[in-house]
Amino acid sequence: MSMESGALPDTGSPESSSDFAFAFNDVNFSDRVLRIEILPDSPGSKPDPDDTLADWARNRKRRRDDQLSNADERTEQREEQILNCNMPDLEDGVTYENQEEEAVAMVEESPVGAETTVNQSGHEAAQGSEASSSMDYSEVQVKTIHISSPILAAKSPFFYKLFSNGMRESEQRHVTLRIQASEEAALMDLLNFMYSNTLPRTTPTALLDVLMAADKFEVASCMRYCSRLLRNLPMTCESALLYLDLPSTVLMADTVQPLTDAAKQFLAARFKDISKFQEEVLNLPLAGIEAVLFSDDLQVASEDAVYDFVLKWARMHYPKLEERREILSTRLLRFVRFPCMTCRKLKKVLTCSDIDPELASKVVLDALFFKAEAPYRQRSLVAEEANASFRRFVERAYKYRPVKVVEFESPRQQCIVYLDLRREECAQLFPAGRVYSQAFHLGGQGFFLSGHCNMDQQSSFHCFGLFLGMQEKGSVAFTVDYEFASRTKPSEDFVSKYKGNYTFTGGKAVGYRNLFGVPWTAFIADDSPYFINGILHLRAELTIKK
């Protein structure tokens, strides 16, 4: 029985409701014989049904290392053979070695009516079949299974190509696959799935084994099925990191994307407060730290802190400067949102020896150009990034809210500071919360703004207050004239709300407990005149008094 070359195999569409389990390994419903040669694994690498995910990961790494080592040995042996003797003639029974990411199949010709049997020692007793001289049958186990080529070809491009390109005559009924002993159970489960659309074993380790086999033999529907079952299991840090460390061919498959997305979201939520879990996050592997840094909900003091953390992680995991520069430039710096950093920290980026100077100049210039854009243009750039792979302009859930600062040196030292707060942020302040701005500088001293929900001292109701504070630096006293303003409907212009002057010393703050002179309910209401498109626009003007 042959398939028409124009027919298309399953590429991963939803599983069919057809159940052909009754036909599996049944000679009455089969047109081919699948011969599975099972090569022995190194001791301790065969999966155990009771293995934990950590055991599965260790065994997979051991098998991968052993295969690479064996491949190197075979390469050396072949090179010695070429050097010491003439090139041998190719034999009909040439042996192909199987690598982890590559499936190997061989088509064997047999006369019509010939039966192929395999004894316990692995020796083939078939008429018209010549064994490879390089095969050590004392170590190889062989299984034969009756299969239906249309069923397998419909599920797998691998088998479709094998049956449509490899079979020239109907008499050529035998196909040979070579696998490692550690892959045997997963392959049998996979073949069962191709007939029944179900799996007999659904433990995490068994599903991962089948997922790897489905990737090797291109059974997209099974990859989707395993991915969905794994995604429905309770996620842990261990499992999330394991899913992100699967082979690249698996990670790139669309069918596995929902699983890796769920793993990234779990890690991002688990470690969103970096300061609280600093040691754990520092010990995460590369895939884990990337998942954490990608999140918009990362709770950090500022983007400056994100940049500092990335450098600290890179220096810890890549002590060699050349390797560290490579991993920063190709993998990690794309997660740092340089336009959200302060200008003072951007200056330090330019002189950081861990970053390639050309790359440092590029990211700093991009950040400064964004800061110089008009507000409407900045909002447009942020909106364009809604579905981007990497976000440069979107602000995270910073503990210290970003500010925009305009500085003047003459005729007097002066700065104008703009602070925007979302309605949701302000609502979360009730009944006694505070939100702080990033630091900004005037006259060499650091200042900050803070928004409060507090009680009005005279009327005993909650209200919104705004304060100006000086960081605890030095003992110099500053006398500052200051003015607070807010954009207000309907004009949407800045309207002055409070003026004053104050002599600052380190750690002191001054402001107004009820900036708008209204209760909290009126300030936060849907028809509040102080929120424009859900944003409270505040402005503080500071001038050093001579």
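The structure presented is a predicted model; accordingly, all values stated were derived computationally and were not measured.
Residues Ile289 and Leu282 have side chains not in contact (no heavy-atom distance under 4.5 Å, counting atoms from C-beta outward). You'll find the side chain of Pro319 stays beyond 4.5 Å of the side chain of Arg315, heavy atoms only. Side-chain atoms of Leu298 and Tyr398, non-hydrogen and from C-beta on, never get closer than 4.5 Å to each other. Residues Asp356 and Ser329 have side chains not in contact (no heavy-atom distance under 4.5 Å, counting atoms from C-beta outward). Within the 4.5 Å cutoff, the side chain of Arg337 has no heavy atoms near those of the Phe393 side chain. Using a 4.5 Å cut-off on side-chain heavy atoms (C-beta onward), Phe163 and Pro150 make no contact. A 4.5 Å side-chain heavy-atom check between Val250 and Pro247 finds at least one atom pair inside the cut-off. Between Thr144 and Leu34, every side-chain heavy-atom pair lies at or beyond the 4.5 Å cut-off.
Taking Asn533 as the reference, nothing meets the side-chain hydrogen bond (donor to acceptor under 3.5 Å, both in side chains) condition, with sequence neighbours excluded. Ile151 is linked by a side chain to side chain contact (heavy atoms under 4.5 Å, CB included) to Phe20, Ser148, Tyr195, counting only residues two or more places apart in sequence or in another chain. A search for ring pair (Phe, Tyr, Trp, His ring centres under 6.0 Å) contacts involving Phe309 returns nothing, not counting sequence neighbours.
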For side chain to side chain donor-acceptor pair (under 3.5 Å), just list the numbers for Thr249 and Asp215, CA-CA rounded to whole Å, side-chain angles, deciding distance to a tenth of an Å, and then say yes or no. CA-CA 7 Å; Thr249 54; Asp215 173 62; 2.8 Å; yes
Asp254/Arg224 under salt bridge (charged side-chain N to carboxylate O under 4.0 Å, His left out): CA gap, chis, key distance, verdict: CA-CA 9 Å; Asp254 292 339; Arg224 178 183 295 105; over 6 Å; no
List the steps, then state whether side chain to side chain donor-acceptor pair (under 3.5 Å) holds for Asn197 with Lys155. CA-CA 10 Å; Asn197 294 311; Lys155 292 283 187 178; 2.7 Å; yes
Which is it for Phe159 and Met194 under the side chain to side chain contact (heavy atoms under 4.5 Å, CB included) test, yes or no, and what are the steps along the way? CA-CA 11 Å; Phe159 285 105; Met194 295 169 77; 3.9 Å; yes
Given the rule in the side chain to side chain contact (heavy atoms under 4.5 Å, CB included) test, do Leu242 and Leu208 qualify, once you have shown the distances and angles that lead to the verdict? CA-CA 10 Å; Leu242 181 56; Leu208 284 168; 3.6 Å; yes
Test Phe335 against Glu290 for side chain to side chain contact (heavy atoms under 4.5 Å, CB included), laying out the working first. CA-CA 8 Å; Phe335 294 102; Glu290 287 181 324; 3.6 Å; yes
Please report the C-alpha distance between Leu267 and Leu241 in whole Å, then the side-chain angles of each, then the deciding distance to 0.1 Å, and finally whether the side chain to side chain contact (heavy atoms under 4.5 Å, CB included) criterion is met. CA-CA 8 Å; Leu267 292 173; Leu241 291 171; 3.8 Å; yes
Audit row: Lys345, Glu303, salt bridge (charged side-chain N to carboxylate O under 4.0 Å, His left out) steps and yes/no: CA-CA 10 Å; Lys345 183 63 74 172; Glu303 197 66 26; over 6 Å; no
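Tested against Arg201 for a side chain to side chain donor-acceptor pair (under 3.5 Å), the candidates Asp189, Asp209, Asn192 yield a single pass: Asp189. With Glu184 as the fixed residue, the side-chain contact (heavy atoms from CB on, under 4.5 Å) test singles out one of Ile38, Ile36, Leu39: Ile38.
Here the side chain of Lys276 pairs no donor or acceptor atom with the backbone of Phe271 at under 3.5 angstrom. Side-chain N or O atoms of Ser295 include one that pairs as donor or acceptor with a backbone N or O of Asp297 at under 3.5 Å. Judged purely by atom type and a 3.5 angstrom limit, Ser164 uses its side chain to pair as donor or acceptor with the backbone of Tyr160.
Taking every heavy atom of both residues into account, Ser30 and Ile147 meet most closely at CB-O, 3.2 Å. When all heavy atoms are compared, the tightest approach of Ala268 to Ala291 is CB-O, 3.8 Å. For Ala360 against Leu350, the heavy-atom pair with the smallest separation is O-CD2, 3.9 Å. Considering every non-hydrogen atom in both Ser239 and Pro234, the closest pair reads OG-O, 4.4 Å. Taking both residues in full, the closest heavy atoms of Ala220 and Thr255 are given as O-CG2, 3.6 Å, listed atom of the first, atom of the second, then distance. Nearest approach of Arg396 to Val336, heavy atoms of both residues: NH2-CA, 4.5 Å.
Ion pairing of Lys216 with Glu183 is present here, as a side-chain N (NZ or NE/NH1/NH2) and a carboxylate O approach within less than 4.0 Å. Salt-bridge check for Glu326 with Arg331: failed, with every basic side-chain N at 4.0 Å or more from each acidic carboxylate O. Note on Asp354 versus Arg325: no salt bridge recorded, every NZ/NE/NH1/NH2 to OD/OE distance being 4.0 Å or above. Residues Arg422 and Glu424 are paired through a salt bridge, judged by an N-O separation under 4.0 Å between the basic side chain and the carboxylate. By the 4.0 Å N-to-carboxylate-O rule, Asp273 lies close enough to Lys399 to be salt-bridged with it. A salt bridge is defined here as a Lys NZ or Arg NE, NH1 or NH2 lying under 4.0 Å from an Asp or Glu carboxylate O, and Arg35 with Glu37 meets this definition.
A distance of 4.5 Å separates OG in Ser221 from CZ in Phe193, rounded to the nearest 0.5 Å. With rounding to the nearest 0.5 Å, the separation of CE in Met223 from CG in Leu190 is 10.5 Å. Summarising the geometry, atom CZ belonging to Arg334 is positioned 13.5 Å from atom CZ belonging to Arg392; distances are rounded to the nearest 0.5 Å. With rounding to the nearest 0.5 angstrom, the CG atom of Leu191 is 9.5 Å from the CG atom of Asn25. Note that CG of Leu333 and CD1 of Ile355 are 5.0 Å apart. Values are rounded to the nearest 0.5 Å. Taken to the nearest 0.5 Å, the CG atom of Leu251 stands 5.5 Å off from the CG atom of Leu246.
Within 6.0 Å of the CD atom in Glu384, the count of heavy atoms belonging to other residues, nucleotides or ligands exceeds 12. Within a 6.0 Å radius of CZ in Phe22, other residues, nucleotides and ligands contribute more than 12 heavy atoms. Residue-environment remark: CE (Met252) stays at or below the threshold of 12 foreign heavy atoms within 6.0 Å.
Between Gln278 and Lys312, the side chains place a donor N or O and an acceptor N or O closer than 3.5 Å (distance only, hydrogens not considered). Between Ser149 and Asp31, the side chains place a donor N or O and an acceptor N or O closer than 3.5 Å (distance only, hydrogens not considered).
Note: Trp313 and Tyr318 have tilted aromatic rings, judged against thresholds of 30 and 60 degrees for the angle between ring planes.
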